[in-house]
**Student:** 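First, the structure itself, so that you have it in front of you.
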Amino acid sequence: MSQRTIRCVVSSWLLCLVLGGGTRAGAEPADEAWPMVGTGGHGHTYPGATVPFGFVQLSPDTRTQGWDACAGYQYADREILGFSHTHLSGTGVRDLGDLLVMPIAGPVPSGAPYVPLAAERFKSPFTHETETAQPGYYRVQLDRYGVVAELTATAHAGMHRYAFPAAPPAHLLLDLVHGIGNTPTAAELKVENDRLVTGFRTSNGWTKGRTVYFALECSRPFAAVALESGGRPLPPDARDATGPKVRGRLDFGRLAGPLIVRVGLSPTSVDEALRNLRAEIPTWDFDAVRRAARKEWNDHLSRIQIGTDDPGLRRTFYSALYHTMTAPTLYNNADNSYEGADQATHSATFQNYSTFSLWDTFRAEHPLLTVIEPARTNDFVNSMLAFARESPDHELPMWPLGNHETWCMIGYHAVPVIADAYAKGFRGFDASQAYAAMRATAMADRNLQDLYRKYGYVPAVTAPPDTPRGRRTQAASRTLEYAYDDWCIAQLAKALGHADDARVFGERAENFRNLFDPQTRFFRGRLAEGAFREPFNPTQESFDDFTEADAWQYAFAAPQDVPGMIRLYGGPAAFCRKLDAMFAADSDEQDANVDISGLIGQYAHGNEPCHHFAYLYALAGEPYQTQRWVRDIMETQYEDAPDGLDGNDDCGQMSAWYVWSAIGLYPVNPASGVYVIGSPLVEKAAIRLDPTVYPGGTFTIVAHDESRQNAYVQWAKLNGRPLEHPWITHAELVRGGTLELQMGRFPNKAWGAPGS
């Protein structure tokens with residue numbers, strides 16, 4: 001038995017203890033989703049309390065530095081620094097961790113020399129045996145103090161419940177210096193009365209000048225306050241601390257009974273933070289807020305109901321579905337006001353969102369959300385259009401965090417999200433404004449787009465060895481991704497009657513051909529003079545050519561024109577043999593980036609560019625190969641364990657791939673409205689369609705005789721009629737009905753093949 005399998009068994013056993021016996025008859029999805037999945041290894045998820053797409057993510061922090069601190073928590077750690085209110089889920093960059101609160105029991109050292117109230121001083125050991133993580137709820141015992149901490153949340157507020165031991169005095173540490181990979185530049189702690197503290201924190205990290213305002217209220221009065229600024233104590237009667245480095249301590253004396261703390265957050269002001277708090281948590285009933293969070297999660301997680309007798313599969317599936325709903329996140333107030341990219345406060349008729357990891361999530365997560373969260377789709381688009389309207393550059397966001405652009409990754413992948421929404425019938429946004437923003441973003445000169453227009457590809461430049469990767473051309477990746485985005489623009493141009501633009505962007509969508517080398521049969525970096533960049537090694541990661549990948553991992557990166565790509569490779573058979581070679585290749589790489597993980601041959605599932613590759617067999621005449629490899633990826637790359645992801649979850653994209661694949665479908669071209677059929681892991685999946693958006697009621701996928709051995713589709717029927725091609729459309733799905741797949745142990749090479 002492998003070490004990973006052992007960890008999986010142990011983790012599943014612990015989960016059963018936590019859930020009071022594990023999966024049981026009548027268990028709800030909130031019992032089966034486990035936020036701990038991805039907190040180990042390099043999944044970079046957090047275990048704490050949030051609601052679907054919430055502004056608040058109230059979670060424990062165990063570390064703030066290093067790559068595996070991106071979410072503030074690493075399962076391997078054994079000490080907790082405290083509980084902060086904002087976290088990223090599955091990213092590869094650190095930030096957030098605002099307003100850390102830590103309960104402390106016992107005397108606090110005083111006297112000279114003064115030692116700052118830093119979280120590091122007060123951290124506590126803990127064990128996973130006393131830790132519970134469920135959607136909307138987190139609990140742990142802090143062994144240093146004997147304090148049991150519980151957390152829950154609403155959209156804009158967090159709630160803490162602390163059970164202190166009876167004898168020692170109780171305190172709360174408030175640390176505004178603490179942050180996950182960021183540094184405070186300004187902060188304030190203001191004591192409003194003996195129960196209420198307000199303030200803000202502005203920091204520089206991944207984002208520059210990001211501010212979070214808060215209002216923190218306690219169920220019991222505190223008897224004394226200690227404030228510090230810049231690592232120095234303020235006078236005992238001070239009630240306001242300002243500066244870049246601000247901390248405080250609230251002293252309660254001995255407490256008989258729990259201490260409840262409720263915290264409202266806002267992107268615009270302290271007053272709005274307090275209004276958010278009053279609107280969402282008007283009482284001190286912790287259990288009522290916890291129940292409401294659970295109910296909300298159950299409603300959202302039950303939008304896909306699966307049938308399987310495998311409890312591990314159920315936990316893996318619902319944990320993945322849970323993570324697809326932890327981003328994007330709200331970035332507004334309860335009254336819909338928000339701070340825009342122009343640093344001004346705006347009123348809105350829509351819910352404003354941020355934390356769009358678009359290079360990742362355009363591929364599978366956003367198409368999934370159009371199906372299971374359609375009521376948010378118009379808001380997502382309106383949020384992107386507002387960002388373009390209000391930002392200094394007047395361009396669509398690339399990777400926005402709060403009201404700031406991080407300029408992370410490549411492409412202009414807000415475009416496929418908007419194009420997909422329009423193609424699927426969403427009309428709750430100004431399509432003309434959307435098209436203008438898409439066109440303006442594509443025609444900008446940044447990120448070597450001027451050279452892309454000039455040459456029909458981004459010319460590669462061999463940079464000196466010490467050049468940071470962000471300053472390298474990433475030329476082949478940029479070209480391939482720009483070409484895909486241009487295809488999306490062409491589709492919307494055509495739909496809106498912009499015939500000339502449809503032609504121009506349609507031609508640009510074919511630019512992937514300019515990088516195909518028929519000698520090596522790879523897409524390659526090409527010099528401005530026309531020659532391919534040398535030397536070339538398809539397993540060499542070079543940011544001169546590729547983004548977090550080698551040539552293999554961009555070898556099939558033209559999903560907008562799969563037939564054209566097949567022809568480049570010499571036809572369907574040659575194309576499929578190239579896919580075979582990728583899966584069979586040696587997994588060794590030269591100068592590999594940590595993001596290149598989950599390797600099967602040269603297929604890298606832990607990073608996003610490969611995610612559609614296994615499904616290409618089905619479009620090249622060999623659906624049985626798709627079924628084989630998709631099943632293999634699901635069974636080797638995902639588990640119901642803390643290290644159950646073989647790469648960063650990237651705001652839910654890794655999880656979205658699994659959700660789609662486990663039910664038997666995948667959007668190879670994310671903006672096409674076509675879902676390719678794979679090999680479902682579940683016997684049945686019922687997608688509950690939102691009746692306010694879609695007419696169909698329920699779309700059900702039934703996999704007859706599904707088992708671990710029966711991975712191959714023998715025949716398919718859609719609403720009782722034979723289905724001979726290996727895909728269905730979005731329109732067919734949202735009309736409701738039933739897709740039946742007969743599964744078998746051996747491939748049926750005829751089903752889904754051309755001419756069958």
**Student:** Evaluate the side-chain hydrogen bond (donor to acceptor under 3.5 Å, both in side chains) criterion for residues His156 and Asn332: first the C-alpha distance (whole Å), next the side-chain angles of each, then the deciding distance (0.1 Å), finally the verdict.
**Tutor:** CA-CA 8 Å; His156 298 89; Asn332 65 354; 2.8 Å; yes

**Student:** Answer with yes or no after comparing the ring centroid distance for Trp206 and Trp399 against a 6.0 Å cut-off, counting only values under it.
**Tutor:** yes

**Student:** Establish, from distance only, whether the side-chain atoms of Tyr455 and Arg526 form a donor-acceptor pair under 3.5 Å.
**Tutor:** no

**Student:** Within the structure provided, determine whether Arg524 and Glu534 are in side-chain contact (heavy-atom separation under 4.5 Å).
**Tutor:** yes

**Student:** Can the ring centroids of His498 and Tyr435 be said to lie less than 6.0 angstrom from one another?
**Tutor:** yes

**Student:** Suppose we screen for ring pair (Phe, Tyr, Trp, His ring centres under 6.0 Å). Which residues come up paired with Phe522, at least two apart in sequence or across chains?
**Tutor:** Phe536, Trp552

**Student:** Side chains of His85 and Gln57: any donor to acceptor distance under 3.5 Å?
**Tutor:** no

**Student:** Are the side chains of Val562 and Leu616 in contact, using a 4.5 Å heavy-atom criterion?
**Tutor:** yes

**Student:** side-chain hydrogen bond (donor to acceptor under 3.5 Å, both in side chains) for Asp649 and His44? Distances and angles first, verdict last.
**Tutor:** CA-CA 7 Å; Asp649 198 42; His44 295 180; over 6 Å; no

**Student:** Strictly by salt bridge (charged side-chain N to carboxylate O under 4.0 Å, His left out), give each pair with a member in residues 325-349 just once, sequence neighbours left out.
**Tutor:** none

**Student:** Around Arg471, counting heavy atoms of other residues, nucleotides and ligands shown, do more than 12 lie under 6.0 Å from its CZ?
**Tutor:** no

**Student:** Can you tell which of Phe380, Tyr331, Phe55 makes a ring-ring contact (aromatic ring centres under 6.0 Å, His included) with Tyr353?
**Tutor:** Phe380

**Student:** Going by an N to O cut-off under 4.0 Å, is there a salt bridge joining Asp690 and Arg303?
**Tutor:** no

**Student:** What heavy-atom pair brings Phe53 and Ala327 nearest, and what distance separates the two atoms?
**Tutor:** CE2-O, 3.7 Å

**Student:** Please evaluate residues Asp517 and Arg521 with respect to the criterion salt bridge (Lys or Arg N to Asp or Glu O under 4.0 Å), reporting the C-alpha separation (whole Å), side-chain torsions for both, the decisive distance (0.1 Å), and the verdict.
**Tutor:** CA-CA 5 Å; Asp517 176 9; Arg521 296 204 305 168; over 6 Å; no

**Student:** Run through Tyr554, Phe505, Phe512, Phe362 and flag the one making a ring-ring contact (aromatic ring centres under 6.0 Å, His included) with Tyr484.
**Tutor:** Phe362

**Student:** With no hydrogens and no angle check, do the side chains of Asp486 and Tyr412 hold a donor and an acceptor under 3.5 Å apart?
**Tutor:** yes

**Student:** So, are Arg472 and Asp545 salt-bridged, with charged N and O less than 4.0 Å apart?
**Tutor:** no

**Student:** Does a donor on one side chain and an acceptor on the other come within less than 3.5 Å for Glu548 and Asn607?
**Tutor:** yes

**Student:** Establish, from distance only, whether the side-chain atoms of Ser266 and Asn333 form a donor-acceptor pair under 3.5 Å.
**Tutor:** yes

**Student:** Check whether any side-chain heavy atom of Val417 lies under 4.5 Å from a side-chain heavy atom of Phe356, and answer yes or no.
**Tutor:** no

**Student:** Can you confirm whether Asn447 sits close enough to Ile410 that some side-chain heavy atom of one is under 4.5 Å from a side-chain heavy atom of the other?
**Tutor:** no

**Student:** Decide whether Arg478 and Gln449 meet the rule of one side-chain donor and one side-chain acceptor closer than 3.5 Å.
**Tutor:** no

**Student:** Just so I know, are the side chains of Asp445 and Tyr452 near enough to count as touching, which here means a heavy-atom distance under 4.5 Å?
**Tutor:** no

**Student:** If you define the side chain from C-beta out and look only at heavy atoms, does anything of Met398 sit under 4.5 Å from Thr406?
**Tutor:** no

**Student:** Do we see a donor-acceptor contact under 3.5 Å between the side chains of His612 and Tyr666?
**Tutor:** no

**Student:** Hey, are Thr547 and Gln474 close enough side-chain-wise for a donor-acceptor pair under 3.5 Å?
**Tutor:** yes

**Student:** Hey, are Arg210 and Asp95 close enough for a salt bridge, meaning a charged N less than 4.0 Å from a carboxylate O?
**Tutor:** yes

**Student:** For the residue pair Gln653 / His611, report whether a side-chain donor-acceptor contact shorter than 3.5 Å exists.
**Tutor:** yes

**Student:** Counting C-beta onward and ignoring hydrogens, is there a side-chain heavy-atom pair between Ser542 and Arg533 closer than 4.5 Å?
**Tutor:** yes

**Student:** Between the side chains of Asn204 and Thr183, does any donor sit under 3.5 Å from an acceptor?
**Tutor:** no

**Student:** Go through it in stages, so that I can follow the logic: the residues are Arg446 and Asp393, the test is salt bridge (Lys or Arg N to Asp or Glu O under 4.0 Å), and I'd like the CA-CA distance, side-chain angles, deciding distance and then a yes or no.
**Tutor:** CA-CA 10 Å; Arg446 71 174 65 255; Asp393 302 296; 2.9 Å; yes

**Student:** How about Tyr338 and Glu390: does a side-chain donor come under 3.5 Å of a side-chain acceptor?
**Tutor:** yes

**Student:** Taking only residues two or more places apart in sequence or in another chain, which ones pass salt bridge (charged side-chain N to carboxylate O under 4.0 Å, His left out) with Asp450?
**Tutor:** none

**Student:** Quick one: does Leu401's side chain get under 4.5 Å of His404's, heavy atoms only?
**Tutor:** no

**Student:** Whether the Asn182 and Arg201 side chains hold a donor-acceptor pair (N or O, under 3.5 Å, no angle test) is what I'd like checked.
**Tutor:** yes

**Student:** Are His413 and Tyr482, when compared by the centres of their aromatic rings, separated by less than 6.0 Å?
**Tutor:** no

